[in-house]
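Here's the structure, in structure tokens; my notes come after.
Any value given below was found using the heavy atoms of this structure, including those in side chains, with hydrogens, waters and symmetry copies removed. Position 1 is the first residue of the sequence, and the numbers go up from there. Note that the structure is predicted; figures quoted are calculated from it, not measured.
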Amino acid sequence: MSQNDVEFIGMIQGQKVSEIHAAKGPAIDRDYVRAFAQAHENAGFDRVLVPHHSTSPDATLTVAYAASVTERIHFMLAHRPGFVAPTLAARQFASLDQFSGGRLGVHYISGGSDEEQKRDGDWLDHDQRYARTDEYLEVLHKVWTAEKPFDHEGAHYRFQNAFSEVKPVQTRHGKPHVPVYFGGASEAAIPVAGKYADVYALWGESLDQARELTTRVRAEAARHGRSVRFSVSFRPILADTEEAAWARAENILAETKRLRVVQGYNRGGPQQSEGAKRLLAAAEKGSRLDKRLWTAVAQEIGGRSNSTALVGTPEQVADALLDYYDLGVTTFLIRGFDPLEDATDYGRALIPRTRELVAQRLQSQRKAA
């Protein structure tokens with residue numbers, strides 16, 4: 001896609017679950033995954049995220065299954081460096097890109113929770129994880145582009161005669177490449193993003209926060225002679241009227257609180273995640289910010305995951321998304337609290353209306369040039 005095109009990303013999981021829906025039954029429901037992936041494709045999404053958690057079904061295999069039951073939609077595989085050797089990961093991603101027909105992107109998440117990392121045996125601290133990701137991405141790119149075996153010796157990895165017979169379908173600057181999505185807002189993360197990110201992903205921050213962070217990442221990318229696209233994640237809460245949308249939001253908050261009590265959860269905190277700390281900083285300024293940003297659920301769950309919402313009619317939320325587009329954000333990751341149903345609903349009005357507004361904005365800019 002070009003720098004000015006707008007991209008919509010959804011999210012699929014192995015079963016129906018959210019802040020207002022407790023998980024029930026097996027962790028993998030194949031019928032649900034198939035319906036969920038196809039619903040996004042039919043709703044006009046460009047890509048879907050398959051998330052990673054230390055106790056969840058394998059995201060790579062979930063992408064492989066979802067790709068087999070869809071035709072057009074692309075994927076954003078969440079992947080934590082450090083648990084698979086980068087040489088093997090490079091071959092896995094290249095193979096999956098081949099089998100999916102060039103529909104893979106990978107979101108590299110270095111890890112914002114020490115507890116999460118330790119479940120899979122990783123005892124590096126927060127900043128050390130980003131240093132490892134830096135080297136991990138370096139090796140990945142070497143494997144994808146190398147025309148002959150190579151050796152590598154670094155702080156975290158050492159390989160001899162590393163090589164892959166399989167290369168990705170997709171290319172960047174004429175060389176094999178799988179798009180790199182990257183998250184992390186800490187001082188340790190930004191330099192790695194500047195070197196490698198094709199798309200830098202933010203959670204749903206305020207406009208002022210997003211402006212500050214995208215400025216920092218752009219400057220870091222420029223140091224390497226690179227440009228980067230930006231993604232922001234929201235949980236749109238829609239209704240036919242603004243009043244009804246806010247009533248729905250309050251019901252979602254009430255159900256989130258009720259379910260957390262039933263499940264024995266406390267409010268929680270950001271742990272080592274700088275992104276979560278930034279969401280909580282926004283929430284401290286109020287539950288309603290800018291035009292449509294609602295932070296109450298983020299505050300309730302300790303800023304974990306993309307948990308801020310845009311509340312209103314489809315027209316109002318599309319207008320709010322345009323404000324982020326004007327900051328240079330061209331990718332929107334949107335997912336609902338009623339996951340499958342909301343994905344379908346977003347395709348009815350929110351996605352097409354946002355695309356219309358972006359097209360109008362671009363046309364106005366061309367006329368003014």
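We find the OG1-CD distance between Thr87 and Gln92 to be 9.5 Å, quoted to the nearest 0.5 Å. Residue Asp58 holds its CG atom at 6.5 Å from OG1 of Thr62, rounded to the nearest 0.5 Å. Atoms NE2 and CG, from His177 and Asp97 in turn, are 10.0 Å apart once rounded to the nearest 0.5 Å. To the nearest 0.5 Å, atoms NE2 (His21) and NZ (Lys24) are separated by 9.5 Å. Annotation: the span from Lys195 atom NZ to Glu220 atom CD amounts to 9.5 Å, rounded to 0.5 Å. With values rounded to the nearest 0.5 angstrom, Lys291 atom NZ is found 3.5 Å from Asp323 atom CG.
With salt bridges taken as basic N to acidic carboxylate O contacts below 4.0 Å, none links Glu274 and Arg278. With respect to the salt-bridge test (charged N to carboxylate O, under 4.0 angstrom), the residues Lys142 and Asp151 do not qualify. Here Arg119 does not pair with Asp114 in a salt bridge; the nearest charged N to carboxylate O distance is not below 4.0 Å.
For Phe99, the CZ atom is loosely surrounded, since the number of other residues' heavy atoms within 6.0 Å does not exceed 12. Few gaps surround CD on Glu341; more than 12 heavy atoms of other groups in view lie less than 6.0 Å from it. For Gln263, the CD atom is densely surrounded, since the number of other residues' heavy atoms within 6.0 Å is greater than 12. Enclosure of atom CG in Asn161 by more than 12 non-hydrogen atoms of other residues, nucleotides or ligands within 6.0 angstrom is indicated.
For the pair Asp342 (side chain) and Asp338 (backbone), a donor-acceptor distance under 3.5 Å is present. A side-chain donor-acceptor contact under 3.5 Å links Arg129 to the backbone of Gly111. Side-chain atoms of Gln299 do not come within 3.5 Å of backbone N or O of Leu280 as any donor-acceptor pair. Remark: the backbone N or O of Leu340 is not paired with any side-chain donor or acceptor of Lys16 at under 3.5 angstrom. Here the side chain of Asp290 pairs a donor or acceptor atom with the backbone of Leu207 at under 3.5 angstrom. Listed for the Trp203 side chain is no donor-acceptor partner under 3.5 Å among the backbone atoms of Val232. Arg218 contributes no side-chain N or O that, together with a main-chain N or O of Val228, makes up a donor-acceptor pair within less than 3.5 Å.
A donor atom on one side chain and an acceptor atom on the other are found under 3.5 Å apart for Thr331 and Glu7. Checking Arg103 against Thr70 by side-chain atom types alone, a donor-acceptor pair falls below 3.5 Å. Residues His74 and Asp46 bring no donor and acceptor atom of their side chains to less than 3.5 Å of each other. Inspection of the Glu116 and Ser54 side chains reveals an N or O donor paired with an N or O acceptor under 3.5 Å. Side-chain contact of Ser110 with Thr133: a donor-acceptor pair under 3.5 Å is present, judged by distance alone.
Taken together through direct or relayed side-chain contacts under 4.5 Å among Ile, Leu, Val, Met, Phe, Trp and Tyr, Ile9 and Leu202 form parts of separate hydrophobic clusters. When hydrophobic clusters are built by joining Ile, Leu, Val, Met, Phe, Trp and Tyr residues whose side-chain heavy atoms come closer than 4.5 Å, directly or via intermediates, Ile28 is not grouped with Tyr32. Leu279 and Ile334 fall into different hydrophobic clusters, defined by Ile, Leu, Val, Met, Phe, Trp and Tyr side-chain heavy atoms under 4.5 Å apart, directly or through other members. No path of Ile, Leu, Val, Met, Phe, Trp and Tyr side chains, each step under 4.5 Å between heavy atoms, connects Leu293 with Leu333, placing them in separate hydrophobic clusters.
Ring geometry for Phe45 versus Tyr346: interplanar angle of 30 to 60°, hence tilted. Ring geometry for Trp294 versus Trp246: interplanar angle over 60°, hence perpendicular rather than tilted (30 to 60°). Relative ring orientation between Tyr108 and His79 is described as perpendicular, the plane-to-plane angle rising above 60° on a 0-90° scale split at 30° and 60°. Using cut-offs of 30° and 60° on the angle between ring planes, the pair Phe159 and His152 is tilted.
Residues Pro86 and Leu140 share a closest heavy-atom pair of O-CD2, 3.3 Å. Contact record, Tyr130 with Ser186: CE1-OG, 4.0 Å, taken as the closest heavy-atom pair. Listed here is the closest heavy atom pair of Arg348 and Pro352: O-CG, 3.7 Å. Across all their heavy atoms, Ala188 and Asp127 have their closest contact at CB-OD1, 3.4 Å. For the pair Thr344 and Ala39, the tightest heavy-atom approach, listed with the atom from each and the gap, is OG1-CB, 3.9 Å. Between Gly82 and Tyr136, the shortest heavy-atom distance links the atoms N-CE1, 3.8 Å.
Judged by the 6.0 Å and 45° rule, Arg235 forms a cation-pi pair with Phe337.
Tested against His141, the residues Phe93, Phe150, Tyr196 include a single ring pair (Phe, Tyr, Trp, His ring centres under 6.0 Å) partner, Tyr196. Phe230 pairs in a side chain to side chain contact (heavy atoms under 4.5 Å, CB included) with only one of the listed residues (Leu213, Val199, Thr214, Leu327), which is Thr214.
No close placement of the His40 and Phe75 rings is indicated, their centers lying 6.0 Å or farther apart.
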**Message:** As a quick check of understanding, evaluate side-chain contact (heavy atoms from CB on, under 4.5 Å) for Leu310 and Ile237, giving each step before the final call.
**Reply:** CA-CA 6 Å; Leu310 295 175; Ile237 299 173; over 6 Å; no
**Request:** Please report the C-alpha distance between Val63 and Leu104 in whole Å, then the side-chain angles of each, then the deciding distance to 0.1 Å, and finally whether the side-chain contact (heavy atoms from CB on, under 4.5 Å) criterion is met.
**Result:** CA-CA 9 Å; Val63 168; Leu104 183 65; 4.2 Å; yes
**Asked** Are Tyr181 and Arg47 close enough, and set up right, to give a side chain to side chain donor-acceptor pair (under 3.5 Å), and what steps lead you there?
**Response** CA-CA 12 Å; Tyr181 291 75; Arg47 191 180 294 272; 2.9 Å; yes
**Request:** Show the numbers, then the answer: is there a side-chain contact (heavy atoms from CB on, under 4.5 Å) between Glu212 and Thr215?
**Result:** CA-CA 5 Å; Glu212 179 269 333; Thr215 298; 5.9 Å; no
